Engineer: 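Supplied in structure tokens, the structure appears directly below.
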Number of protein chains: 2
Amino acid sequence: METFPYVGGIVRQPVTIKDVAHYAGCGVASVSRVLNRSGPSSAGLRQRVLAAVDELGFEFSEVGRALQSNTTRTIGCVVPSLANPVYADAVQGAQEAFRMAGYQTLLVCTNYDPEIEMQAIRTLTAKQVDGFVLTVSDARASDGLKLIQSREIPHCLLFNMAPDGEYSWSVDDCSAAMAVSDAFAEKGHRHVGFLALKFKSSDRARQRYEGFVEGSFRNGMIKPALLEIEEDSQNLNDLIKEFLRTNPTMTGIFASNDFLALAAIRSIRSLGMNVPRDLSIVGFDGIEVGKMVEPSLATILTDPRMMGDGAAKTVLSIINGTPPTDTPDPTQSYSFRAGGSLAPVTAERADDEKVAAFSSSNNPTKKNAKSNWRDQNEI
Amino acid sequence: METFPYVGGIVRQPVTIKDVAHYAGCGVASVSRVLNRSGPSSAGLRQRVLAAVDELGFEFSEVGRALQSNTTRTIGCVVPSLANPVYADAVQGAQEAFRMAGYQTLLVCTNYDPEIEMQAIRTLTAKQVDGFVLTVSDARASDGLKLIQSREIPHCLLFNMAPDGEYSWSVDDCSAAMAVSDAFAEKGHRHVGFLALKFKSSDRARQRYEGFVEGSFRNGMIKPALLEIEEDSQNLNDLIKEFLRTNPTMTGIFASNDFLALAAIRSIRSLGMNVPRDLSIVGFDGIEVGKMVEPSLATILTDPRMMGDGAAKTVLSIINGTPPTDTPDPTQSYSFRAGGSLAPVTAERADDEKVAAFSSSNNPTKKNAKSNWRDQNEI
DNA sequence: CTTATTAGTGGAAACGTTTCCATATGTGGG
DNA sequence: CCCACATATGGAAACGTTTCCACTAATAAG
């Protein structure tokens, strides 16, 4: 671990419990007892102490307390980015729940970078946070998460589907993505692309893709083409152009989050195409502005704020030793929101399709069919 | 001050510097010196200590350090809400700057509530944050800000125009609002309303209003009607309906932030009116989605992320004792962004105007004229 | 009038770190 | 050979709090 020699640090917190004790003419233990109501004290003492506190303007140093009590009343909150309103809302919800319970929130944005994620968790651990609420890049392979587990620090995942034994507030990405597939199928689409951040920086994207692939299979559609992009891709236009060129039969794109979906719509327009006439778009998350754009964005509606609130309360429960009660049902925590960006496939483009779809046989053992098909072209 | 008896707290941080010292067969002082490179040490000692650290998996407790060094490497960040992307972006920018400098960020959202703001600042002070970046409800009357000042904690305001002697990253609300007035005037508008959160919860709103009033005066327009709403107003539709009824000559509304502007557009539509044909709308902030809605939102374009970054760097400078260098020029940090929501006033509505505008005399002493006019109907 | 029991109180240890100071051990110059 | 002097090292104090323990004084029970 990298450590620095300590520099700077200004003088503050001039009045300590000792000053109060001296001023009130008693011992520090008595002051502590009075202020914390943690033991017996005479009326006279109480009054003198309170007067001293008032006069001196005393406030406890949480640092001193933390050292002694091994409790910082601070929670670490790790998310990829606040630029995406999903995380901003979730953080707000969590922060508020924690604040109301007397806990403060240490926030870190990782920019989807596992390196930063690990470093952040290490630092927060050194600061002895009492718990974590976090969205990691990959819940099954996060070293940071492992560190938290090994230290047995109370924690709850957010937007990451829970590996076994983990608490988590998230939607069931897989089944939600299948619902999206159903929506496309219902409108007559047979080949829909999937647009997402690199899977290594977001296991949500991967799970949504897997669900979408599975859904496409069940609906007898063509296996979705995949376009993975970097978080900071500036050349989205080019990438999408190439994506469309490579997949001429594609009549729609499922974007792994609303942010991407809106960006995709802009790119598509700049290519001179029309949404939804030339290409349908569906997003994921249900951010507010999706309803205000034209056409409105079809998407999976979630409630990030409630998720943040729920995750926070779960962590608080763990801390208090009471088993978390209202754990969410991931399969219930989303719904499909229709929108103008998803339209029936137009005749011309539908005619284009040349690639064979799955045989819509009605009785194969799903599992077998699925794995066979998957093996076809999985990395 | 409210204090609680301490409860809970699990056992952690099992390995301390003492364990390392014992394992390495030396004193704790030596361990500290080696790890912090804060004094001489022999090669052999260094090696033994490093080996012990590795073997035991030792990490410093920041709590212990904080107590001793009077430095927490933690910054308090107080903003009204993350639901507004302006603050979300600013927080992200600040958090990143702090992280790169080795500081963590304690975040509090106040929901525009001065009560919560004060409580938050008190708590963060007790936690001995090394600095603050904050947006307060009223920079001139914030008790929290006064507390920070009296304790001489390094800090920088964000989005609050700086009272004298304060550091601040913000736009010049007043002059930006005047620019909005110019834009309205240029399109032939003579009576434009102002929509904002209650001034007591946002001095930005007040300053924008004042600038807008001044600009309206200079442009020879009618004094803007004012609609103040609560943060959590559910009945915006009714309020706006009433607002329009009371001010029949109004041809546009300047909303104190983009969030409000978008909400207003929705309300206006739900009243069966069209933007911008029946009413023009201009916002403030320049959030990204303003460009994606239809019609696009005319607004004041700002760069919240840069503001957050700048404020953070200012605080870091203060902490390091180097005078903050690149302090921003508030009058340069915004620009007007045209958009479809602001259109020339239509003939029919322009005819409507009955109320006398200011005489557009070309030579009155502006100041006098202004104050006279103000006195007319100021509260 | 003793003797348990209790309420009230303060001293001191402990939490994990840094840093001052004192003590060793060496080195070089007189 | 001795003295100054630097280099290594560890003990202990300090940071602000809580809490254990010992102690006093008062009250209740015998």
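Quick caveat: nothing in here was measured; it's all calculated off a predicted structure.
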Engineer: Check the phosphate of dG8(C) against Ser41(A), side-chain N and O only, distance under 4.0 Å to OP1 or OP2. Yes or no?
Structural biologist: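 For dG8(C), OP1/OP2 do not have a side-chain N/O of Ser41(A) under 4.0 Å.
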
Engineer: Report which part of the nucleic acid Ser42(B) touches: base, sugar-phosphate, or nothing (heavy-atom distance under 4.0 Å, all strands).
Structural biologist: sugar-phosphate

Engineer: Ignoring backbone atoms, establish whether Ser69(A) has a side-chain N or O less than 4.0 Å from OP1 or OP2 of dT18(D).
Structural biologist: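 No, Ser69(A) has no side-chain N/O under 4.0 Å of OP1/OP2 on dT18(D).
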
Engineer: Go through dT17(C), dT17(D), dT19(D) for me and flag the one nearest to the Ile17(B) side chain.
Structural biologist: dT17(C)

Engineer: Could you work out which one of dT9(D), dG16(C), dT17(D) sits closest to the side chain of Leu67(A)?
Structural biologist: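 Between dT9(D), dG16(C), dT17(D), the one nearest the side chain of Leu67(A) would be dG16(C).
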
Engineer: Could you give the CG-to-P distance, from Asn70(B) to dT19(C), as a whole number of Å?
Structural biologist: 12 Å

Engineer: Rounded to whole Å, please give me the gap between CZ in Arg37(B) and P in dA8(D).
Structural biologist: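 In whole Å, dA8(D) P lies 16 Å from Arg37(B) CZ.
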
Engineer: Rounded to whole Å, how long is the line connecting atom CD of Gln68(B) with atom P of dT17(D)?
Structural biologist: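 About 15 Å, once rounded to whole Å.
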
Engineer: Go through dG10(C), dT9(D), dG16(D) for me and flag the one nearest to the Ser61(A) side chain.
Structural biologist: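 Selected nucleotide (nearest to the side chain): dG16(D).
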
Engineer: Regarding His155(B) and Glu166(B), is there a side-chain donor-to-acceptor distance under 3.5 Å anywhere?
Structural biologist: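 Per modelled atom types, His155(B) and Glu166(B) side chains form a pair under 3.5 Å.
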
Engineer: Whether the side chain of Arg33(A) and the base of dG10(C) hold a donor-acceptor pair under 3.5 Å is what I'd like checked.
Structural biologist: yes

Engineer: Does dG16(D) have OP1 or OP2 under 4.0 Å away from a side-chain N or O of Arg65(A)?
Structural biologist: no

Engineer: Which nucleotide in the set dT18(C), dA7(C), dT9(D) lies at the smallest distance from any side-chain heavy atom of Pro40(B)?
Structural biologist: dT9(D)

Engineer: Between Asn160(A) and Ser170(A), is there a side-chain heavy-atom distance shorter than 4.5 Å?
Structural biologist: no

Engineer: Would you say the side chain of Lys200(A) lies within less than 4.5 Å of the side chain of Ser137(A), judging by non-hydrogen atoms?
Structural biologist: no

Engineer: Of Asn70(A), Thr72(A), Thr71(A), which meets side chain to side chain donor-acceptor pair (under 3.5 Å) against Gln128(A)?
Structural biologist: Asn70(A)

Engineer: Map Cys26(A) and Val63(B) onto DNA chain C by nearest heavy atom, then report which one ends up closer to the 5' terminus.
Structural biologist: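 By nearest-heavy-atom nucleotide position, the 5'-most residue is Cys26(A).
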
Engineer: State which of dG8(C), dT18(D), dG16(C) makes the closest approach to the side chain of Phe60(A).
Structural biologist: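 Taking heavy atoms from C-beta onward, the closest nucleotide is dT18(D).
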
Engineer: So what does Gly27(B) touch, heavy atoms closer than 4.0 Å: a base, only the sugar-phosphate, or nothing?
Structural biologist: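 If one applies the 4.0 Å heavy-atom cut-off, Gly27(B) turns out to touch the sugar-phosphate alone, with no base involved.
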
Engineer: Taking for each residue the nucleotide of DNA chain D bearing the nearest heavy atom, is the 5' side occupied by Gly64(B) or by Val31(B)?
Structural biologist: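 Looking at the nearest nucleotide for each, Val31(B) comes out on the 5' side.
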
Engineer: Give a yes/no answer on whether the side chain of Ser30(B) brings an N or O atom under 4.0 Å of OP1 or OP2 in dG10(D).
Structural biologist: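 Checking Ser30(B) against dG10(D): at least one side-chain N or O falls below 4.0 Å of OP1 or OP2.
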
Engineer: Check the distance between dT17(C)'s C1' and Phe58(B)'s CZ and give it to me in whole angstrom.
Structural biologist: 8 Å

Engineer: With a 4.5 Å heavy-atom cut-off, do Thr74(A) and Glu62(A) have their side chains touching?
Structural biologist: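 They are not in side-chain contact.
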
Engineer: Please state how far atom NZ in Lys127(B) lies from atom C1' in dT17(D), giving the value in whole angstrom units.
Structural biologist: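 From Lys127(B) NZ to dT17(D) C1': 15 Å.
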
Engineer: Any chance CD of Gln149(A) has more than 12 other-residue heavy atoms, nucleotides or ligands included, within less than 6.0 Å?
Structural biologist: yes

Engineer: Could you state the CG-P distance from Leu35(B) to dG16(C), rounded to the nearest angstrom?
Structural biologist: 16 Å

Engineer: Round to a whole Å and report the spacing from CG of Asn36(A) to P of dC20(D).
Structural biologist: 13 Å

Engineer: If I take atom CG in residue Leu56(B) and atom C1' in nucleotide dG16(C), what distance separates them, rounded to the nearest angstrom?
Structural biologist: 15 Å

Engineer: Contact class for Gly25(B) (heavy atom, under 4.0 Å): base, sugar-phosphate, or nothing?
Structural biologist: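 Sugar-phosphate only.
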
